[in-house]
Protein chains: 2
Amino acid sequence: MAAVDLSTHPGHLARRLQQAHTLLWTTMVSEETTSPQFAVLNALVEKPDIDQRTLSEHVHLDRSTIADLVARLGRRGLLERVRDPRDGRRNVLKLTDEGAAVHRKLVTRTARMNKVFLAPLDEGEQETLLRLIGRVADAAEELRG
Amino acid sequence: MAAVDLSTHPGHLARRLQQAHTLLWTTMVSEETTSPQFAVLNALVEKPDIDQRTLSEHVHLDRSTIADLVARLGRRGLLERVRDPRDGRRNVLKLTDEGAAVHRKLVTRTARMNKVFLAPLDEGEQETLLRLIGRVADAAEELRG
DNA sequence: AGGAAATAGTCAGTGCACTGAGCAACTCGC
DNA sequence: GCGAGTTGCTCAGTGCACTGACTATTTCCT
């Protein structure tokens with residue numbers, strides 16, 4: 001069996017895309033706060049005081065990953081975990097002032113970075129790319145919702 | 001500062017795409033052999049007896065990651081690492097018969113999986129998606145080649 | 001030939017991401 | 001109101017992926 005051309009394999013391309021993104025992120029956005037961490041901060045700005053389960057659905061990460069991630073952000077003082085008095089299973093997540101400040105700073109930087117990242121495509125292509133990735137990801141998540 | 005819509009962020013979408021792909025891979029292709037591992041096997045079918053450095057360029061992974069990955073494949077008997085007698089720094093990688101057999105088996109399965117993965121898009125859109133991702137990834141890799 | 005620079009690989013450390021097992025707390029049905 | 005099932009979280013284990021520091025080998029320049 002001959003070798004296959006990986007440039008026609010969406011999984012391989014997805015990995016390369018994410019890898020390229022991570023590299024650009026650390027140089028243009030932040031060395032301390034990663035892209036998934038920003039996603040968590042952003043979700044907490046949008047919906048304050050949610051629990052980890054709800055958060056994990058919002059950012060599309062599983063509960064174990066969220067637990068690690070939130071613990072790291074907690075250690076850096078960007079958020080607090082408070083046991084829900086109404087429901088003792090839940091950790092209610094509260095963004096600290098510092099967490100909100102970090103989010104504010106990164107919002108502008110990510111916007112700048114996204115421009116650079118997508119610069120090789122014209123505006124129509126950029127819109128197409130985002131829409132097509134979204135459709136494939138949505139459909140796949142549907143399968144194992 | 002208000003929250004941002006992550007569905008317009010290519011990095012977030014890239015992560016979701018890769019995540020969806022990984023999930024489908026483990027159910028449709030293999031539970032033991034991951035997609036990056038398949039990329040390595042495939043590279044060794046295409047170019048036998050290369051060293052880890054060359055391999056890392058082919059599959060777009062850095063040398064530490066390759067070392068781990070190759071060690072795992074070696075432990076499973078899918079390849080062998082031989083010190084190059086011509087150049088004592090190099091590990092020459094040799095696919096075993098079993099490694100070649102695993103590759104053969106996975107080639108057909110990945111083809112099937114890619115079809116399912118991209119099924120939400122029509123044929124033209126599929127081609128567009130792969131091409132656009134490729135261009136963005138290539139350009140970003142160019143920056144820090 | 002002999003020392004400086006480049007190259008291949010390893011190792012430690014950090015972070016993302018998943019599964020599967022297990023625990024504590026809540027809800028529902030009777 | 002009590003037991004069964006569900007839900008939220010944690011923990012251990014594995015694998016991907018990077019940086020930065022280090023070792024060993026080769027190459028290149030004088």
Side-chain angles (χ1 to χ4, degrees), chain A residues 11-12 14-27 30-40 49-57 59-76 81-93 140-141 144, chain B residues 11-12 14-27 30-40 49-57 59-76 81-93 140-141 144:
Chain A
H12 188 69
R15 190 180 55 68
R16 284 180 53 202
L17 186 66
Q18 212 212 324
Q19 174 187 265
H21 174 265
T22 304
L23 189 61
L24 197 59
W25 179 282
T26 58
T27 66
S30 173
E31 288 186 9
E32 303 86 41
T33 308
T34 65
S35 171
Q37 287 173 9
F38 173 72
V40 164
D49 297 358
I50 55 178
D51 61 40
Q52 295 182 190
R53 168 60 123 191
T54 311
L55 177 59
S56 79
E57 281 164 16
V59 296
H60 297 97
L61 285 173
D62 87 350
R63 15 207 171 336
S64 310
T65 303
I66 283 289
D68 273 4
L69 219 158
V70 158
R72 276 188 287 272
L73 292 174
R75 251 179 269 130
R76 286 174 52 201
R81 288 200 264 191
V82 187
R83 211 88 208 176
D84 187 346
R86 308 289 240 174
D87 185 340
R89 294 168 299 184
R90 287 197 180 120
N91 283 335
V92 176
L93 303 174
E141 282 160 10
R144 309 265 155 188
Chain B
H12 188 70
R15 188 179 58 66
R16 284 181 53 202
L17 186 66
Q18 212 212 324
Q19 175 187 266
H21 174 265
T22 304
L23 189 61
L24 198 58
W25 179 281
T26 58
T27 66
S30 172
E31 288 185 9
E32 303 86 40
T33 307
T34 65
S35 171
Q37 287 173 9
F38 172 73
V40 164
D49 297 359
I50 55 179
D51 60 39
Q52 294 182 190
R53 169 60 121 190
T54 311
L55 176 60
S56 79
E57 281 165 16
V59 297
H60 296 97
L61 285 172
D62 87 350
R63 54 202 201 291
S64 313
T65 304
I66 284 288
D68 273 4
L69 221 156
V70 158
R72 276 188 286 272
L73 292 174
R75 250 180 269 132
R76 285 175 53 202
R81 287 200 263 193
V82 186
R83 210 87 208 178
D84 187 345
R86 307 289 240 175
D87 185 339
R89 293 167 298 185
R90 289 195 179 120
N91 283 336
V92 175
L93 303 174
E141 283 161 8
R144 309 267 154 187

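Note on naming: letters A, B, ... go to the chains in the order of the sequence lines (proteins, then strands), and numbering restarts at 1 for each one. Worth saying up front: this structure is predicted, and the values here are computed from it rather than measured.
- Between the side chain of A:T26 and the base of D:dC18, no donor-acceptor pair of N or O atoms lies under 3.5 Å.
- The interatomic distance linking B:H21 (NE2) with C:dA17 (C1') rounds to 15 Å, in whole Å.
- When every heavy atom of A:A71 is checked against every heavy atom of A:R81, the shortest pair comes out as CB-NH2, 3.5 Å.
- Atom CD1 of B:I66 and atom P of D:dT19 are 14 Å apart (whole Å).
- Of all non-hydrogen atoms in B:P36 and B:L69, the two that sit nearest each other are CB-CD1, 4.0 Å.
- B:L61 comes within contact range of the sugar-phosphate backbone alone, with a heavy-atom separation under 4.0 Å but no base atom that close.
- When the ring pair (Phe, Tyr, Trp, His ring centres under 6.0 Å) test is applied to B:H12, no partner is found at least two apart in sequence or on another chain.
- For B:Q19 and C:dT19, the CD to P distance is 9 Å, given to the nearest whole Å.
- Looking at residues two or more places apart in sequence or on another chain, you find no side-chain hydrogen bond (donor to acceptor under 3.5 Å, both in side chains) involving B:Q18.
- The distance between atom CH2 of B:W25 and atom C1' of C:dC18, rounded to the nearest whole Å, is 16 Å.
- Rounded to whole angstrom, the span from the CD atom of B:E31 across to the P atom of C:dT19 amounts to 11 Å.
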Pairs under 3.5 angstrom, nitrogen or oxygen only, protein versus nucleotides 6-9 of chain D, please.
| from | atom 1 | to | atom 2 | distance (Å) |
| --- | --- | --- | --- | --- |
| D:dT7 | O4' | A:R89 | NH1 | 3.4 |
| D:dT7 | O2 | A:R89 | NH1 | 3.2 |
| D:dG8 | OP2 | A:R53 | NE | 3.2 |
| D:dC9 | OP1 | A:Q52 | N | 3.2 |
| D:dC9 | OP1 | A:N91 | N | 2.8 |
| D:dC9 | OP1 | A:N91 | O | 3.4 |
| D:dC9 | OP2 | A:Q52 | N | 3.3 |
| D:dC9 | OP2 | A:R53 | N | 2.7 |
| D:dC9 | O3' | A:N91 | ND2 | 3.2 |

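- In terms of position along DNA chain C, the nucleotide closest to A:R75 lies nearer the 5' end than the nucleotide closest to the other residue of the pair A:R75 and A:R86.
- Under the side-chain hydrogen bond (donor to acceptor under 3.5 Å, both in side chains) criterion, A:D84 pairs with no residue at all, not counting sequence neighbours.
- For A:T34, there are no side-chain hydrogen bond (donor to acceptor under 3.5 Å, both in side chains) partners, not counting sequence neighbours.
- Taking atom CG of residue B:D62 and atom P of nucleotide D:dG20, one finds them 11 Å apart after rounding to whole Å.
- Here B:R15 pairs with nothing under the salt bridge (Lys or Arg N to Asp or Glu O under 4.0 Å) rule; sequence neighbours left out.
- With sequence neighbours excluded, the residues forming a side-chain contact (heavy atoms from CB on, under 4.5 Å) with A:R76 are A:E32, A:T33, A:Q37, A:L73, A:L78, listed by chain and number.
- Atom P of nucleotide C:dT14 and atom CZ of A:R76 are separated by 14 Å, given to the nearest angstrom.
- Residues of residues 32-40 of chain B having a heavy atom closer than 4.0 Å to DNA chain C: none are found.
- For A:R89, the side-chain hydrogen bond (donor to acceptor under 3.5 Å, both in side chains) partners two or more places apart in sequence, or in a different chain, are A:D87.
- When the P atom of D:dC18 is taken as reference, atom CG of B:L69 falls 11 Å away, rounded to whole Å.
- Nearest-nucleotide positions on DNA chain D for B:D84 and A:D68 put A:D68 closer to the 5' end.
- Side-chain nitrogen and oxygen atoms of B:T65 include at least one within less than 4.0 Å of the OP1 or OP2 phosphate oxygen of D:dC18.
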